[in-house]
Amino acid sequence: MKNVVTRDEMREAERKMNSRGIDNTMLRFNAALCVADGLYDRAKGEGVKTAVFCGCGGNGADGLLAAARLARLGCNVYAYIVGDFASTCGKLEPYTEFAKVAGVKVLSASEYGGGANNVVDAIFGIGLNRTIDGEIKELILRLNGEKKSFRLAVDIPSGIDATTGEVLGAAFSAHVTMTFAAYKRGMLFGAGRDHSGKIIVEDVGIATESNITVCDDNDFGAFKRKTDTHKGNYGKIYIIGGSADMIGAPILSAAAAHAAYLNGAGTVTACVPDEHRVALSSRVTMSMMKFLKTDKNGFIAFDKAAFDGIINNSTAIDIGMGMGKAPELKSIIEYLCENYSGTLIIDADGLNALSGDYAFLSRAKCKIILTPHVGEFKRLTGKEATIENAVSLAKEINGVVVLKSATTIITDGVNVRLNITGTPAMAKGGTGDVLGGCIAGLSASFCPFDAATVACYRNGLGAQRAVSSYAELMLTPRDILKMADYPELFD
C-alpha cells in the first residue's frame with residue numbers, strides 16, 4: 001500500500017531527508033528521470049514535439065531536468081518558462097543552462113504557439129496556497145483546451161490544493177499525474193480526482209509516514225482453498241432487504257447474494273418480504289430464500305423466531321437495502337447487535353433507521369461494518385463526509401466504516417485505506433447493494449477491515465472492466481458482477 005500525505009506531511013518528509021544529508025538536487029534528478037523515462041515512448045520519433053512548462057520554483061526545476069533527459073534521448077523538447085525570469089525565476093538559471101546544454105530550446109511561455117504532442121505541467125508544485133489568476137490562469141486554461149495533446153502533470157496538477165483538492169482559481173487537467181514518494185491527499189478528493197487523471201506514484205528516495213494508504217493489486221495475497229474442504233468452511237451469509245412496495249430491492253438482495261457467492265461464500269440466503277414469495281421464487285436461482293413476516297404496510301417486521309434462526313446459522317449478515325422506513329427496523333438491528341456474534345453489515349435504510357441514534361453499536365456483541373454513501377453519512381452523524389469524521393465514527397462504534405464516494409474511505413478507527421478503483425458509471429442505485437454482498441461474502445475469510453478493503457477494490461475493478469464492454473451510461477449493478485471475476489484473489 002502506498003502512503004497518502006498532506007502538503008505539510010510531505011514537507012516534513014523532505015526536511016527529514018535533508019537533515020540526513022540528502023539535498024533537494026539529488027531528489028530532483030530522481031524525479032526528473034522518472035518523468036522523462038515515463039514519457040519517452042510518447043516523446044520519441046520524428047515530428048513529435050514535447051512542451052514542458054516550468055514555473056519558478058522546485059517543480060519548474062524538476063521539469064527542466066526532465067526536459068534535459070528527454071533531449072539527451074533524442075527527443076524534440078521545448079521548455080517554456082512561466083514567469084519573469086529576470087525578477088522571479090533567477091534561481092532556475094543553473095537548471096536552464098543544464099537544459100540548454102542538453103539541447104532543450106528554452107523560451108518564455110508567451111512564445112508558445114500551441115500544437116505540442118505532449119504538454120508537461122511543471123508550473124506549480126504542492127506548495128501552492130494562493131489563487132492563480134492573470135496570464136498564468138489564461139495559460140493553464142489554454143493548455144487544457146489542446147484536446148489533441150497528451151497532458152502530464154509533474155507531482156500534482158498546477159492549481160490543485162495538495163491537501164484539500166480545491167481548485168485555486170484554475171487547474172491543469174492531466175491525463176496522467178506522476179507524483180513522488182506518496183499520493184497527495186488533494187489528488188484523491190474534490191476536483192483533484194478529475195484533474196489528476198491516472199496517478200502514478202514513483203519512489204524518488206523520500207520516506208513518508210502516514211496511517212492513510214491507497215491499496216493496489218499487490219496488497220492482497222491469494223486466498224487458497226484447501227483440497228479437503230466443504231461449503232461450511234466458507235461461511236453462511238444472510239442478506240436481509242426489501243419491502244412490499246419495492247419489488248426491485250429484493251431483486252437487488254438476490255444480486256447482493258450472488259455477489260457474496262462470487263466472493264467465496266459457502267452458502268447464501270436472501271431474506272425478503274413474504275409478499276414476494278411467488279415473484280421471486282422463479283427469478284432467484286443462485287441463493288436460497290427465506291421469507292420474512294411483514295406488518296400491515298408490507299415492511300419486514302420483528303419476528304423473534306425468524307431472526308433467532310438467522311442469528312444461529314449465519315457467519316455474516318447484510319441488512320438494510322430497500323427496507324424503507326420500516327417501523328421495527330431499528331429494533332431488529334438492536335436485537336442483532338445484542339444477540340449475534342458474527343459480522344453485521346448495515347447499509348442503506350438500515351443506516352437511515354439509526355440516524356442520530358447509533359450509540360448502542362459500540363456495545364454490540366457482533367463485529368460492525370457500516371457502509372454509508374456521503375448522504376447517508378451526513379444523515380447518520382450530522383457531519384461532513386471527511387476522513388477525520390469517518391475515523392471518529394469508526395472509533396465511536398468500535399467497528400469499520402466504509403464511506404462510499406469517488407474515493408472510498410475505509411477505516412477501523414486507527415488506520416485508513418482509500419479505494420480509488422471504480423468509474424462514474426457506478427453512480428447508480430444498486431451498486432452499493434452489490435458491494436454489501438461482496439463484503440459479506442469476504443467476511444467469512446477475512447477480518448472486517450480487510451473484507452471491506454478487498455470488496456471495495458475488486459468491485460471497482462469489476463466496474464472498470466465492465467465499462468470497457470458497455471456504454472458508461474448503460475452500466476448496471478449486474479454488469480459489474482458479470483465482470484467481477486477474482487482470479488488473483490482466489491487462485
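Since we're looking at a predicted model, the values are computed, not measured.
Relative to the six-membered ring of Tyr78, Lys49 meets both conditions, a distance below 6.0 Å and an angle of at most 45° to the axis. Remark: Arg142 fails to qualify as a cation-pi partner of Phe172 under the 6.0 Å distance and 45° angle criteria applied to the six-membered ring.
A donor-acceptor pair under 3.5 Å is formed between the side chain of Tyr340 and the backbone N or O of Thr315. A donor-acceptor pair is defined here as one N or O able to donate and one able to accept, closer than 3.5 Å; no such pair exists between the side chain of Ser173 and the backbone of Asn144. In this structure, Asp349 contributes its side chain and Asn352 its backbone to no donor-acceptor pair below 3.5 Å. Checking side-chain atoms of Lys184 against main-chain N and O of Ala182 turns up a donor-acceptor pair under 3.5 Å. Although no hydrogens or angles enter the test, the distance criterion places no donor-acceptor pair under 3.5 Å between the side chain of Arg193 and the main chain of Met187. Within the 3.5 Å criterion, the main-chain N or O of Ile126 finds a donor-acceptor partner in the side chain of Arg7. In this structure, Glu376 contributes its side chain and His373 its backbone to a donor-acceptor pair below 3.5 Å. Proximity of a side-chain donor or acceptor of Ser314 to a complementary backbone N or O of Lys236 within less than 3.5 Å is not detected. Between the side chain of Thr179 and the backbone N or O of Tyr183, no donor-acceptor pair lies under 3.5 Å. Counting only distance, with no hydrogens or angles, the side chain of Thr163 and the backbone of Gly186 share no donor-acceptor pair below 3.5 Å.
Taking every heavy atom of both residues into account, Val374 and Ala385 meet most closely at CG1-CB, 3.8 Å. In terms of heavy atoms, Leu336 sits closest to Cys366 at O-SG, 4.2 Å. Closest heavy-atom contact between Val5 and Ser210: CG1-CB, 4.3 Å. Pairing each heavy atom of Leu139 with each of Ala109, the nearest pair is CD2-CB, 4.1 Å. Nearest heavy-atom pair, Asp121 versus Ile156, reported as atom, atom and distance to 0.1 Å: OD2-O, 3.9 Å.
Ion pair Lys2/Asp203 not flagged as a salt bridge, since none of the NZ, NE, NH1 or NH2 atoms sits closer than 4.0 Å to an Asp/Glu carboxylate oxygen. Comment: Arg130 does not engage Asp161 in a salt bridge, judged by the lack of any side-chain N to carboxylate O separation of less than 4.0 angstrom. Salt bridge Glu388/Arg185: present, at least one basic N to carboxylate O contact under 4.0 Å. A salt bridge links Lys378 and Glu384; the closest N-O separation between the charged side-chain nitrogens and carboxylate oxygens is under 4.0 Å.
A side-chain N or O of Asn24 and one of Asn18 form a donor-acceptor pair less than 3.5 Å apart. When only modelled atom types and interatomic distance are considered, Asn117 and Lys148 share no side-chain donor-acceptor pair under 3.5 Å. Inspection of the Thr421 and Asn419 side chains reveals an N or O donor paired with an N or O acceptor under 3.5 Å. Counted by atom type alone, Thr386 and Asn389 present one or more donor-acceptor pairs between their side chains at under 3.5 Å.
In this structure, the side chains of Leu152 and Thr177 stay at 4.5 Å or more apart for every pair of heavy atoms. The side-chain heavy atoms of Phe446 and Thr453, taken from C-beta on, include no pair separated by under 4.5 Å. Residues Val52 and Val77 form a side-chain contact, since some pair of their non-hydrogen atoms from C-beta on lies under 4.5 Å apart. Side-chain contact between Leu344 and Ile319 is present, with at least one heavy-atom pair separated by less than 4.5 Å.
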Next on the checklist: I'd like to know whether Arg69 forms a salt bridge (Lys or Arg N to Asp or Glu O under 4.0 Å) with Asp37, so could you lay out the CA-CA distance, the side-chain angles of the two residues, the decisive distance to 0.1 Å, and finally the verdict.
Outcome noted: CA-CA 8 Å; Arg69 168 70 171 172; Asp37 291 351; 3.3 Å; yes
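Ring geometry, Tyr80 versus Phe53: the interplanar angle falls under 30°, so the pair is classed parallel (tilted spans 30 to 60°). Taking the six-membered ring where tryptophan is involved, the planes of Phe98 and Phe29 are perpendicular, since the angle between them exceeds 60° and thus also 30°.
Each of Val454, Val402, Ile410 was compared with Phe449 under the side chain to side chain contact (heavy atoms under 4.5 Å, CB included) criterion, and only Ile410 meets it.
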